[in-house]
There are 2 protein chains.
Amino acid sequence: MAKGRVAIVGYGNIGRFALDALLEAPDLEPAGVVRRRAERDESMPDRIPVVTDPKELGRVDAALLCVPTRAVPETAERYLAAGVNTVDSFDLHGDELVALRRRLDGAAKARGCVAVVAAGWDPGTDSVVRALLEAMAPRGITYTNFGPGVSMGHSTVVRALEGVADAVSLTVPMGTGVHRRLVYVELEPGASLDAVRERILADPYFKNDDTRVIQVPSVRDLVDVGHGVRIERKGVSGRTHNQRFAFDMRINNPALTAQVMVAAARASLRLAPGAYTMLEIPAADLLPGDKEDLIRRLV
Amino acid sequence: MAKGRVAIVGYGNIGRFALDALLEAPDLEPAGVVRRRAERDESMPDRIPVVTDPKELGRVDAALLCVPTRAVPETAERYLAAGVNTVDSFDLHGDELVALRRRLDGAAKARGCVAVVAAGWDPGTDSVVRALLEAMAPRGITYTNFGPGVSMGHSTVVRALEGVADAVSLTVPMGTGVHRRLVYVELEPGASLDAVRERILADPYFKNDDTRVIQVPSVRDLVDVGHGVRIERKGVSGRTHNQRFAFDMRINNPALTAQVMVAAARASLRLAPGAYTMLEIPAADLLPGDKEDLIRRLV
């Protein structure tokens, strides 16, 4: 069977790992990389085309949108309008995610395409775990404990503040879904640590958490993309209390995100037109190979 | 919206907990209990009919087959032929499960029905976890570590042996998917412990495991239906090694099995005709309520 041809749109943090995952997939192949400028990266094999216009890549079955969350809606619509399935790792939850799914559902169905939204690990595979735990014990409380690991969103917010040359914000789990934020900052010459700390603590991203601000000479020396999560639920199956569940992982963050996106791209080739979150995709569709073989091996 | 009416077929270990789970479900209701003899149990609310023929229950949308695994194929075919969706917790893996799914797929499609097979926790929700972990890290090894907890299958095998009055077999996890079996036996008068031990160790259910046989005065005093599992995977996302995952649960075994069957019955009312394992069912279909609300809350 012909391999599914998948384009990588954006070649930052996630895009590089998406190329790895596509090169390792038995049933998919990279159609190429789409960037604003057609610059090659030394890590790319020569046979991977780098283009600015996806039309130069020939047949493309699906596009992995490795772009910032705010750029996802328009980028996805553009690819869907061209008849290409899309996969994004949109990282907002709640109403904004529901709105994206609605918007792309229309765009996808209009062209007989599939859009998989929020296909990372949280939102993404963690969401599936939360749903499974609720199916197993419908009453109870689920706690999602992140980290320790870098929060890209929080780091970006701090970097934009006056007096900050560079920053990284770590999320540290304190149990029962409560987190501490450790913000490491490199100050601009003449900036005051106290003033920067005040700006950070006043920001809506930080003001509800236990936030500590620490000045360091080099932020770059601290950065590691390892991350983790522990999802815990204690709940009731039927009328039987004290059912206990935990899901724990310790992972390279962009590598896992990219791998989930590749699995979602595979699923997109099997689903009916429309937009899907990971909750709406059968686990078997994420994996290569014959369905009965998967059942024999994994069920 | 009218509640889905679900019959409970068999009222043993699992059936009792299935009634609890149905009584707690917001969108389903118990149509009644089907038994070989229409005997009531003191735990049943008066309004729950107990019958020998499911036709006496009026409209039935789905049947939970709370019967032994060997009785599943024929019972399921009978209900599917009558136009009723079925859910079973068939507990064999591999070829036997694939054969059951094929057989019920035909029977279900012939009547526009849905059969969900192997809807327990292993096979069942554990299978979904194993598939998710493989989607997240396609290369690597998954270990499923069961227990400590009673193995119904192993206990039944020992009870059937000559010289055994009662027995219970515990599965004890020794790590990396290796298990010890602790077999507690109550002997028949005059039976020899050494002879019983030899029979147990020669049985194919035990001969490949580290099996210890222990004589006790009362097996009944030892029985607790608590069980657990720890699924571990260390693998590779793309080309990034050392991705680590663990899923752990400590649960009442029949209560969880029954709850998963009820969630699968709900899904059966939403799926296209055919037979499904849990791998083939989107997680959202297992849960009550509006899909966008689920996405807003869980993704």
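Proteins get letters first, then strands, A, B, ... in listed order; numbering begins at 1 in each.
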*N/O donor-acceptor pair under 3.5 Å between A:Gln259 side chain and B:Met136 backbone*: no
_Less than 4.5 Å to any heavy atom of chain B: does that hold for the side chain of A:Ala258, its backbone, both, or neither?_
neither
*Heavy-atom distances under 4.5 Å only: say whether B:Arg102 touches chain A with side chain, backbone, both or neither.*
side chain
*Could you tell me which portion of A:Arg230 (side chain, backbone, both or neither) has an atom closer than 4.5 angstrom to a non-hydrogen atom of chain B?*
neither
*Which region of A:Leu133, side chain (C-beta onward) or backbone (N, CA, C, O), has a non-hydrogen atom less than 4.5 Å from a non-hydrogen atom of chain B, or is it both or neither?*
side chain
_Quick check against the 3.5 Å criterion: does B:Glu24 have a side-chain atom that pairs as donor or acceptor with the backbone of A:Arg239?_
no
*Heavy atoms only, distances under 4.5 angstrom: which of B:Val128, B:Ile281, B:Thr125, B:Leu286 has the most pairs with chain A? Name it, please.*
B:Thr125
_As an exercise: rank A:Gly94, A:Ala264, A:Gly238 by heavy-atom pairs under 4.5 Å with chain B and give me the winner._
A:Gly238
*Taking A:Arg244 for its side chain and B:Arg250 for its backbone only, find out whether a donor-acceptor pair lies under 3.5 Å.*
no
*Flag the one option from B:Met249, B:Arg266, B:Arg233, B:His93 with the top tally of heavy-atom pairs under 4.5 Å to chain A.*
B:Met249
*Flag side-chain contact, heavy atom, 4.5 Å: B:Ser237 against A:Leu256*: yes
*Does any non-hydrogen side-chain atom of B:Asp248 lie less than 4.5 Å from one of A:Phe247?*
no
_Could you go through A:Glu280 and B:Ile295, starting from their C-alpha distance and side-chain angles, then the distance that decides it, and tell me whether this counts as side-chain contact (heavy atoms from CB on, under 4.5 Å)?_
CA-CA 9 Å; A:Glu280 300 159 87; B:Ile295 292 170; 3.5 Å; yes
_Other residues, nucleotides and ligands only: do more than 12 of their heavy atoms fall within 6.0 Å of CE on B:Met44?_
yes
*Below 4.5 Å from any heavy atom of chain B, which atoms of A:Asp122 appear? Answer side chain, backbone, both or neither.*
side chain
*Between A:Asp285, A:Leu22, A:Leu23, which has the largest tally of heavy atom pairs under 4.5 Å with chain B?*
A:Leu23
*Heavy-atom distances under 4.5 Å only: say whether A:Leu287 touches chain B with side chain, backbone, both or neither.*
side chain
*asked:* Using heavy-atom distances under 4.5 Å, tell me whether A:Ala263 contacts chain B through its side chain, its backbone, both, or neither.
replied: side chain
*Partner chain A: residue of B:Leu19, B:Asp95, B:Val260 with the largest heavy-atom pair count (under 4.5 Å)*: B:Asp95
*Looking at B:Gly228, B:Ala131, B:Gly226, which has the largest count of heavy-atom pairs under 4.5 Å with chain A?*
B:Ala131
*In Å and rounded to the nearest 0.5 Å, what is the CG to CE distance from B:Leu298 to A:Met278?*
14.0 Å
*asked:* Report which part of A:Leu97 has an atom under 4.5 Å of a heavy atom belonging to chain B: side chain, backbone, both, or neither.
replied: side chain
*Expected output: side-chain A:Arg296 to main-chain B:Val98 donor-acceptor under 3.5 Å*: no
*Side chain, backbone, both or neither: which part of A:Arg101 has a heavy atom under 4.5 Å from chain B?*
side chain
*Tell me, out of B:Ala255, B:Ala21, B:Pro288, B:Pro123, who's got the most heavy-atom pairs with chain A below 4.5 Å.*
B:Ala255
*Non-hydrogen atoms of chain B under 4.5 Å away: do they reach the side chain of A:Lys234, the backbone, both or neither?*
neither
*State plainly whether the residues A:Glu134 and B:Arg297 are in salt-bridge range, i.e. N to O under 4.0 Å.*
yes
*asked:* Which one wins on heavy-atom pair count under 4.5 Å against chain A: B:Ile251, B:Thr240, B:Val299?
replied: B:Val299
